[in-house]
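One structure coming up, written as structure tokens, with questions to follow.
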2 protein chains.
Amino acid sequence: MAKARFSRFDGSPGCAVEAAVSLICGKWKGVVLWYLLDEGTLRFSELRRRIGGVTQRMLTNQLRELEVDGLIHREVHAEVPPRVEYSLTALGRELTPVLMALKNWGDAHLDLFGPSGTPAEPREGGAAGQA
Amino acid sequence: MAKARFSRFDGSPGCAVEAAVSLICGKWKGVVLWYLLDEGTLRFSELRRRIGGVTQRMLTNQLRELEVDGLIHREVHAEVPPRVEYSLTALGRELTPVLMALKNWGDAHLDLFGPSGTPAEPREGGAAGQA
DNA sequence: CAGGATCCTATTGGATACTG
DNA sequence: CAGTATCCAATAGGATCCTG
């Protein structure tokens, strides 16, 4: 895993932050990770419906990068029609604190950015909150 | 603050995550925020030295975006030579859990990405850890 | 010191059409 | 269903030089 997508690993304090940030940067990565954390396992089409506004190309792209980085697991079921399920890896689940913190911040300050939609708390039955 | 840099505020759960992520996305934003959290107040040149590898243009750019988004405060002292100090706003300080989580994750997994430099824990005397 | 102004390249993101 | 394959526009990122 872990493409050489990181520029500086000089041991400086900011280095760790930079590395972690680079993993969740990408227009849809944070959201994808959030939904997988929240719901555990989702198919491609399920993710796409939940995210909304993402094209297949972009979703595929982001999923591939997350997979290469070792954050998500991609399971292909040899069926027809094809079924592909995505879930977080152990490494990905370790991002839980990050994702929760991001979600909390966003929920607390969404009013700054828009007319504020429904807060939409994570579902109780989901996989979130385990860590 | 808060440029209309966010595409979807439909109230979906991922929305908040997406908004928060977009604020710290940018090659140097996470690092800048981290150092400001760690050390409280830093001048332009101090930030630049700490980050290393960033050009003035990019640092200026990222600082401006963070300022526009209301995460950092920019204080210009009318002196010569000029002195400009950056610090986190209250809103920016609320990102502390996010930054700490990112740092923790990075520290725990930096070995995945490189030969692993010195871990470089946050200094005790810094501003970090307040929240 | 802390930038602003330019110019240029690379990467990201997106629309659309096609496929096993 | 879950993608590929193209093509294209926008943005991010960077090198360099100049300035109050």
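Numbered from 1 within each chain, the chains take letters A, B, ... in sequence-line order. No hydrogens, no waters, no symmetry mates; every other heavy atom, side chains included, goes into these values. What you are looking at is a predicted structure, and each value in this text was computed from that prediction instead of being measured.
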Return no unless some side-chain N or O of Thr60(B) is found under 4.0 Å from OP1 or OP2 of dG3(C).
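No, because none of the side-chain N or O atoms of Thr60(B) sits under 4.0 Å from OP1 or OP2 of dG3(C).
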
Starting at atom CD of Glu85(A), determine the distance to atom P of dC1(D), rounded to an integer number of angstrom.
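About 14 Å, once rounded to whole Å.
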
Does the side chain of Leu63(B) come within less than 4.5 Å of Glu67(B)'s, by heavy atoms?
no

Can you tell me which residue among Arg74(B), His73(B), His77(B) is in a side-chain hydrogen bond (donor to acceptor under 3.5 Å, both in side chains) with Glu85(B)?
His77(B)

Residues passing the side chain to side chain donor-acceptor pair (under 3.5 Å) test with Gln56(A), sequence neighbours excluded, are none

Verify the contact: side-chain N or O of Arg49(B) to OP1 or OP2 of dC1(C), cut-off strictly under 4.0 Å; return yes or no.
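For dC1(C), neither OP1 nor OP2 has a side-chain N or O of Arg49(B) closer than 4.0 Å.
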
CZ of Phe44(B) versus P of dA2(C): gap in Å, rounded?
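Spelled out: CZ on Phe44(B) to P on dA2(C) is 7 Å.
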
Any side-chain heavy atom of Leu36(B) sitting closer than 4.5 Å to one from Leu71(B)?
no

Side-chain contact, heavy-atom cut-off 4.5 Å: Val17(A) with Val31(B)?
no

Closest listed nucleotide, where the reference is the side chain of Arg43(B) and the choices are dG3(C), dC1(C), dC1(D):
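Nearest to the side-chain atoms of Arg43(B), counting from C-beta on, is dC1(C).
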
Value in whole Å for how far the C1' atom of dT12(C) lies from NZ of Lys29(A)
11 Å

Protein-nucleotide distance (Leu59(A), atom CG; dG13(C), atom C1'), rounded to Å
13 Å

Heavy-atom distance under 4.5 Å between the side chains of Val32(A) and Tyr86(A), does that happen here?
no

Round to a whole Å and report the spacing from CZ of Arg83(B) to P of dG3(C).
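Those two atoms, CZ and P, are 13 Å apart.
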
Protein heavy-atom contacts under 4.0 Å, written 5' to 3' over nucleotides 13-20 of chain D as B (base), S (sugar-phosphate only) or - (none), form the string BBBBB--B

In whole angstrom, what separates His77(B)'s NE2 from dG3(C)'s C1'?
16 Å

Please determine if a side-chain N or O atom of Tyr86(A) lies less than 4.0 Å away from the OP1 or OP2 oxygen of dG3(D).
yes

Tell me: CZ of Arg64(A) to C1' of dT4(D), nearest whole Å?
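In whole Å, dT4(D) C1' and Arg64(A) CZ are 10 Å from each other.
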
Would you say the side chain of Lys29(A) lies within less than 4.5 Å of the side chain of Asp69(A), judging by non-hydrogen atoms?
yes

Ile51(A) CD1 to dG14(C) P, straight-line distance once rounded to whole Å:
12 Å

